[in-house]
Number of protein chains: 2
Amino acid sequence: MERKNFQRWSQDERRQSLLEATLACVAEQGLEGATARQIAQRADVTAGLIRHYFGSKEKMVQAAYELLIGELTHAAKCAAEADGGEPQAQLARFVVANVTPPNLSAGKVSLWATFIGRVRTDPGYAAVHRDSYREFLVALEALIHPVLVAHDRKATPACCSRYAIALNALIDGLWLEGSLDHGLYDVGTLPTIALAAAEGILGLPADSLAGAISTTDNRS
Amino acid sequence: MERKNFQRWSQDERRQSLLEATLACVAEQGLEGATARQIAQRADVTAGLIRHYFGSKEKMVQAAYELLIGELTHAAKCAAEADGGEPQAQLARFVVANVTPPNLSAGKVSLWATFIGRVRTDPGYAAVHRDSYREFLVALEALIHPVLVAHDRKATPACCSRYAIALNALIDGLWLEGSLDHGLYDVGTLPTIALAAAEGILGLPADSLAGAISTTDNRS
DNA sequence: CTCACTGTTATACCGTCGTATAATAAATAC
DNA sequence: GTATTTATTATACGACGGTATAACAGTGAG
């Protein structure tokens, strides 16, 4: 029998490749269908490498979850800080980034949901979720505060915290249903809906967020 | 060997019992950990009954998903229609019902997320999700419309639809993070946050929703 | 009380799971 | 070139998955 020809990759490349294959398999077939053999096949290696690089399949899956969450929050934060601009524009870009591709993605929401299902009973997943959620809230509060002061609005920490919780929920919900793309409405309208709702939640005048980034996306 | 003593139940009771056992197992261990043998043990029967009543394990799991979704939407709708009252009170009760027990539940959100993870690639789950989401949106629109007219606000169908999408996202997000109960804030404040945000999204005066149901929950 | 019906149990089967182990070959050092 | 290292493959093993089948027992009809 012919033994397969192979190439030695760097440890980082191999780990990354395996993690991406893991996410791809979990997204398509859930945690139950993502078997060690399938993941290995997708990464074009044999299943033994999983043990070699991660010790066990379970550890690899958890590492893949951390990778996914990191990518999601990183993309949103980058969009906000992209090019400074006024506070309203930064917050608006942050919101919009979460309801447009690449964050708006059926594959990513499938992954996210699958992992969320394990948060309740698996401490490892719970820790990753809590940390990422906190990071998201903190980022939102930091974006909200300057917007409030720019509008001469009360901006106590408690106040910003409540706004961040509500805004995060709005973003999560729109991202979720939009990504699933059930065809009940046009996902292209999500940025408009999201910004209008965000203005309402924060008690800002109409278009104070949408107007701050309308240069690129003029659609009135 | 002693054969187990058993009792013949009605078909409905047996099916219901198996479906509840399925949900319990999936909530605790995910789809991968919820094996036919474990589910059967939890329902205090042997695994063969799954085939007898549902044909296969997969069909039973899907039926359990439908049961869960039905319970969730039914509970929220009942809370709204509980005792008529003015439109603001009905909408407020609907919102609050989704961010308080029994809908606010770590087990239910775990289940919901686990199943959502399969919506993308499994047509059966996708259909159940789309139908339930549409039902939720329609219910919200029906609750929103009379509130808008009561406040002499524009209430076109398109307008109500956008409001419903945003409000649904807010509710989903708060329900989700609140149920996971990561300890980052007190879930007891969720109704207040939810109602204030809902007022903002709909452009209603402050306390127009919260005030409508403050008789039982006076906390100002 | 007896019998037939069928809900339910017990068991066996085959496939696949995760992973441990040994053989192999690609890369590196000299 | 040769030796050495170790990343990678190939294979085997025990456990467990879903489910098909046959035996059993609770239930109601006569």
Side-chain angles (χ1 to χ4, degrees), chain A residues 1-26 28-65 114 117-118 122 124-125, chain B residues 1-26 28-65 114-115 118 122 124-125:
Chain A
M1 176 161 210
E2 280 293 301
R3 200 167 240 256
K4 176 185 172 187
N5 282 19
F6 63 94
Q7 209 179 351
R8 289 164 105 104
W9 289 12
S10 80
Q11 293 202 6
D12 278 353
E13 283 175 321
R14 202 54 102 183
R15 290 175 72 94
Q16 187 74 14
S17 165
L18 276 168
L19 290 179
E20 287 172 4
T22 304
L23 290 180
C25 284
V26 174
E28 286 178 9
Q29 333 198 25
L31 283 171
E32 47 166 351
T35 71
R37 284 175 173 83
Q38 272 200 32
I39 293 169
Q41 184 179 1
R42 193 167 201 123
D44 202 34
V45 294
T46 49
L49 269 200
I50 292 175
R51 173 177 153 84
H52 186 262
Y53 277 106
F54 296 94
S56 75
K57 180 206 169 192
E58 179 58 25
K59 286 180 187 169
M60 182 175 73
V61 172
Q62 187 147 326
Y65 176 43
T114 301
R118 313 223 46 190
D122 188 311
Y125 291 94
Chain B
M1 178 162 213
E2 278 295 302
R3 200 165 240 256
K4 177 184 172 189
N5 282 18
F6 64 93
Q7 209 177 353
R8 289 165 104 104
W9 289 14
S10 80
Q11 294 202 5
D12 278 352
E13 283 175 322
R14 202 54 102 181
R15 291 174 72 94
Q16 187 76 13
S17 166
L18 276 168
L19 290 179
E20 287 172 4
T22 303
L23 290 180
C25 286
V26 173
E28 286 177 10
Q29 333 198 27
L31 282 172
E32 47 167 350
T35 71
R37 284 175 173 85
Q38 273 200 33
I39 293 169
Q41 183 178 1
R42 192 165 201 125
D44 202 35
V45 294
T46 49
L49 268 200
I50 291 174
R51 173 177 153 83
H52 187 262
Y53 276 107
F54 296 93
S56 76
K57 180 206 169 194
E58 179 58 26
K59 286 181 186 169
M60 182 176 71
V61 172
Q62 187 147 327
Y65 177 43
T114 300
F115 288 124
R118 314 227 40 194
D122 189 311
Y125 291 96

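Treat the numbers as computed from the prediction; the structure is a model and nothing was measured. All chains are named by letter (A, B, ...) in the order of the sequence lines, taking the proteins before the strands, and each is independently numbered beginning at 1.
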Length of the CD-P vector between Gln38(A) and dC17(C), whole Å: 7 Å
Looking at dA10(D), dT19(D), dT8(C), which one has an atom nearest to any side-chain atom of Leu49(B)? dT8(C)
Length of the CH2-C1' vector between Trp9(A) and dT6(D), whole Å: 18 Å
Carboxylate-amine/guanidinium proximity below 4.0 Å for Glu13(B) and Arg8(B): no
Looking at the side chain of Arg14(A), which of dA7(D), dG18(C), dT8(D) is the nearest nucleotide? dT8(D)
Starting at atom CD1 of Ile39(A), determine the distance to atom P of dG18(C), rounded to an integer number of angstrom. 7 Å
Give a yes or no on whether the backbone of Thr22(A) and the side-chain of Arg42(A) come within a donor-acceptor separation of less than 3.5 Å. no
Scoring nucleotides 21-30 of chain D by protein non-hydrogen atoms under 4.0 Å (B base, S sugar-phosphate only, - none) yields B-BBBBS---
Nearest-angstrom distance from the residue atom CD1 of Ile50(B) to C1' of dT11(C): 16 Å
Asp44(A) CG - dA7(D) C1' separation (whole Å): 15 Å
Pair Arg118(B) + Glu28(A): basic N to acidic O under 4.0 Å: no
Can a donor-acceptor pair be found, under 3.5 Å and without considering hydrogens, that links the side chain of Lys57(A) to the backbone of Ala34(A)? yes
Rounded to whole Å, the CG-P distance (Asp12(B) to dG7(C)) equals 13 Å
Could you state the CZ-P distance from Arg37(A) to dT11(D), rounded to the nearest angstrom? 13 Å
